[in-house]
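Residues take their numbers from the sequence shown, with the count starting at 1. Side-chain atoms are counted along with the backbone in the values below, which use heavy atoms only and exclude waters and symmetry mates. All values reported here derive from a predicted model rather than from experimental measurement.
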Amino acid sequence: MENHVVDGSVKWMQEEREEVVDGKVDWKGRKALKHKHGGMKVSLLVLAAIAMENMATLSLAVNFVSYFNGIMHYELADAANMVTNYMGVSYMLSIVVAVLADTWIGRYKSVVISGFFESLGLSLLTIEAHMRSLKPDICNVYVKNADCEKLSGMKEAFLLISLYLLAFGSSGLKASLPSHGADQFDERDPKEAMQMSSFFNSLLLAVCIGGAVSLTFNVYIQDHNGWDWGFGISTVAILLATIIFAFGLPLYRIHLPNTKNGIIQIIQVYIAAIHNRNLPLPEDPMELYEIEQDKEAPMEVEYQPHTDTFRFLDKAAIQRKSDVQDEKQEASNPWKLCRVTQVENAKIILSMLPIFCCSIIMTLCLAQLQTFSVQQGTTMDTSITKHFNIPPASLPIIPVAFLIIIIPFYDRICVPFLRKLTGIPTGITHLQRIGVGLILSSISMAIAAIIEVKRKGVARDNNMLDALPVLQPLPLSIFWLSFQYFVFGIADMFTYVGLLEFFYSEAPKGLKSTSTCFLWCSMAIGYFLSSMLVKIVNTATKNITASGGWLAGNNINRNHLNLFYLFLSILSLINFSVYLFVSKRYKYRSQHPVVISGNSED
């Protein structure tokens, strides 16, 4: 009888351990349990918030140029740079918010606070768009030699404060929502690992569904009912997204913030390696410093196996003779001696860096589709029927609609089929997926260059090079632009989702939020480079073109946008070649590092 009781107790304790999710708690700080917290159903709340956030902001990304140019009277190139700078700051700030989320406030609080700031920024933009005293006088900037009032002083300050409050709030949601959603799955559980892959595919689907509403309904409201209504609807959408997300608190698996900053720990490895640079590397890696695996420790500790890559960083884990005699004292100074696990985490980040750099050029191309391609659309025939015209900013709805169909097909049919062939849970590797998107982005820019040659040819043949956009459309359908958007949309599905999943899966445990922001950081650099590239190209071509530069002035018919697109296509092709070289040399980290949990049983 006693044996049955003991066996039952052991079995119950074993089942309880299997149900506990390591490193996650519920909203009251208790250990998270698989059957009560997280999972695919709970992640739907995160996906809903992502869809609402994209509904609020995507229309701004593609239509802000028209607002800055037509309403606020910035020149076309300056308006495009304002958009790319805004996007760049938004993505760059996500790194700051991610570090705070990982080490201090946690991802849940980060989302709620960021939602507040984003709704505040949109509210201020709504006020400025509604009040005549905060805008310049109405004037058509497309009329030749028009002397339109420039936005300046307090009016411009109000616009910039509103814009960058929006950027700050948006950065926080980008930083924390994807990683909080991924936290709802245990990547060490094979079943939940496949669900996490589906979550990242569903994340793009949510972005597309929200984007479809934004590119149709929101853009229509902005163009026909006014920008005050457009900003107002976006404000309501962000408030709803925050409320929907907040209601899931009792159901979430919550990642506890780690007071040891992961980025600081990476920096410590480099400082310690420099400090020990003159010490010889031991032949046996077992001689490198690592704390002993204590199964009775109260806190969970991660252990990474040693690898032979980037051996110069191993010097951070070399113990001097004095260190061995007084190990406890030296271990308290991580700037001189680091654990092997800490060194291996630094190696992982360093090995991811070339992949990170190769993703920047793709955003450089995306920035053009969100700025100059929309302006191309304003010069073309936007009619679908006799009584309905598609707004140029709504043109990305074509690839978005396609992605809404293709993503479930890819996730439910292609991935299981590829999984059977390759044995890889995600069907193909993350790096293969990224590579497909990079080559497609080069093809997209080449298509864009060809379409622009055709568009300018129609303008020239019909003596309409100085025609007013919107008011005097060219006899060429706007749907010609759909080809470049369509190909780039497929590239989006492969590269950006692949990057997001790659960074989250490969990053050290303490850098999960920060790692997903590597994607946003690469996009930020891409947007900033776009602003710089536009200015550099205009300066370099100022004296060799009649228009004063490839992209100078407000008349896109007199510019040389086709040459700019061709240049980007060639640049993307070179970038893809570099990517092939670095990706073949990348070694995936062990997906199941040894983890010793407190009070565990043998």
Side-chain angles (χ1 to χ4, degrees), residues 44 46-67 83 86-87 90-91 115 118 122 166-167 169-171 173-174 177-178 181 199-223 230-231 233-238 240-241 244-245 362-363 365-371 373-374 377 390-411 437 440-441 444 478-479 481-482 484-497 499-500 519-520 523 527:
L44 293 177
V46 178
L47 294 173
I50 289 172
M52 296 294 289
E53 198 274 340
N54 207 50
M55 172 190 166
T57 56
L58 184 58
S59 61
L60 304 182
V62 298
N63 216 17
F64 253 155
V65 171
S66 299
Y67 179 68
V83 175
Y86 150 74
M87 298 291 287
S90 176
Y91 287 124
E118 188 164 5
L122 284 166
L166 170 61
S170 180
S171 70
L173 296 183
K174 289 181 178 69
L177 272 175
F199 166 77
F200 280 111
N201 286 326
S202 300
L203 186 150
L204 181 58
L205 180 61
V207 167
C208 290
I209 292 173
V213 177
S214 188
L215 293 169
T216 51
F217 178 71
N218 286 26
V219 168
Y220 181 86
I221 295 298
Q222 290 165 3
D223 289 348
F231 288 133
I233 289 172
S234 293
T235 304
V236 172
I238 290 297
L240 284 175
I244 289 171
F245 174 83
M362 185 166 172
T363 304
C365 300
L366 174 63
Q368 315 320 315
L369 296 183
Q370 293 176 336
T371 53
S373 290
V374 175
I390 181 173
S394 294
L395 199 60
I397 189 61
I398 295 171
V400 166
F402 173 77
L403 287 175
I404 291 174
I405 298 171
I406 198 65
I407 291 170
F409 175 80
Y410 177 79
D411 186 58
L440 287 177
S441 69
S444 174
I478 193 173
F479 285 100
L481 297 179
S482 65
Q484 64 209 53
Y485 279 107
F486 177 79
V487 175
F488 201 90
I490 302 174
D492 258 357
M493 183 186 75
F494 281 96
T495 293
Y496 287 139
V497 176
L499 282 167
L500 201 59
L519 170 60
W520 313 131
M523 294 184 75
Y527 281 116

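How far CD1 of Ile397 is from SG of Cys208: 9.0 Å, rounded to the nearest 0.5 Å. Here Ile404 contributes atom CD1 and Ile209 contributes atom CD1; the two are 5.5 Å apart, rounded to the nearest 0.5 Å. The OG1 atom of Thr495 sits 12.5 Å away from the CG atom of Leu500 when rounded to the nearest 0.5 Å. Atom CD1 of residue Ile407 and atom CG of residue Leu205 lie 5.0 Å apart, to the nearest 0.5 angstrom. Of the inter-residue distances, the one linking Leu240 atom CG with Met52 atom CE reads 4.5 Å to the nearest 0.5 angstrom. Remark: Phe199 CZ to Leu44 CG distance equals 9.5 Å, nearest 0.5 Å.
Between Phe245 and Leu177, the closest side-chain pair of non-hydrogen atoms falls below 4.5 Å. Residues Asp492 and Met362 have side chains in contact (heavy-atom distance under 4.5 Å, counting atoms from C-beta outward). Side-chain atoms of Leu60 and Leu166, non-hydrogen and from C-beta on, do get closer than 4.5 Å to each other. Proximity of Thr57 to Glu118: side-chain heavy atoms (C-beta onward) are separated by under 4.5 Å at one or more points. Using a 4.5 Å cut-off on side-chain heavy atoms (C-beta onward), Asn63 and Asp223 make contact.
Listed here is the closest heavy atom pair of Ser234 and Asn218: OG-ND2, 3.7 Å. Counting all heavy atoms, side chain and backbone alike, Ala491 lies closest to Leu440 at CB-CB, 3.7 Å. Listed here is the closest heavy atom pair of Leu203 and Pro178: CD1-CB, 3.8 Å. Across Met493 and Leu204, no two heavy atoms sit closer than the pair CA-CD2, 3.3 Å. In this structure, Gly230 and Gln222 approach most closely via the heavy-atom pair CA-CG, 3.8 Å. Across all non-hydrogen atoms, the minimal contact from Gly115 to Leu173 is N-CD2, 4.1 Å.
In this model, no donor atom of one side chain and acceptor atom of the other lie less than 3.5 Å apart for Tyr220 and Ser59.
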- From CA spacing to verdict: side chain to side chain contact (heavy atoms under 4.5 Å, CB included), Ser214, Asn54: CA-CA 7 Å; Ser214 188; Asn54 207 50; over 6 Å; no
- Query: Does the side chain to side chain contact (heavy atoms under 4.5 Å, CB included) test come out yes or no for Met523 and Leu366, once each step is laid out?
  - Reply: CA-CA 9 Å; Met523 294 184 75; Leu366 174 63; 3.9 Å; yes
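Taking the six-membered ring for Trp and thresholds of 30 and 60 degrees, Tyr91 and Tyr527 have nearly parallel ring planes, at less than 30 degrees apart.
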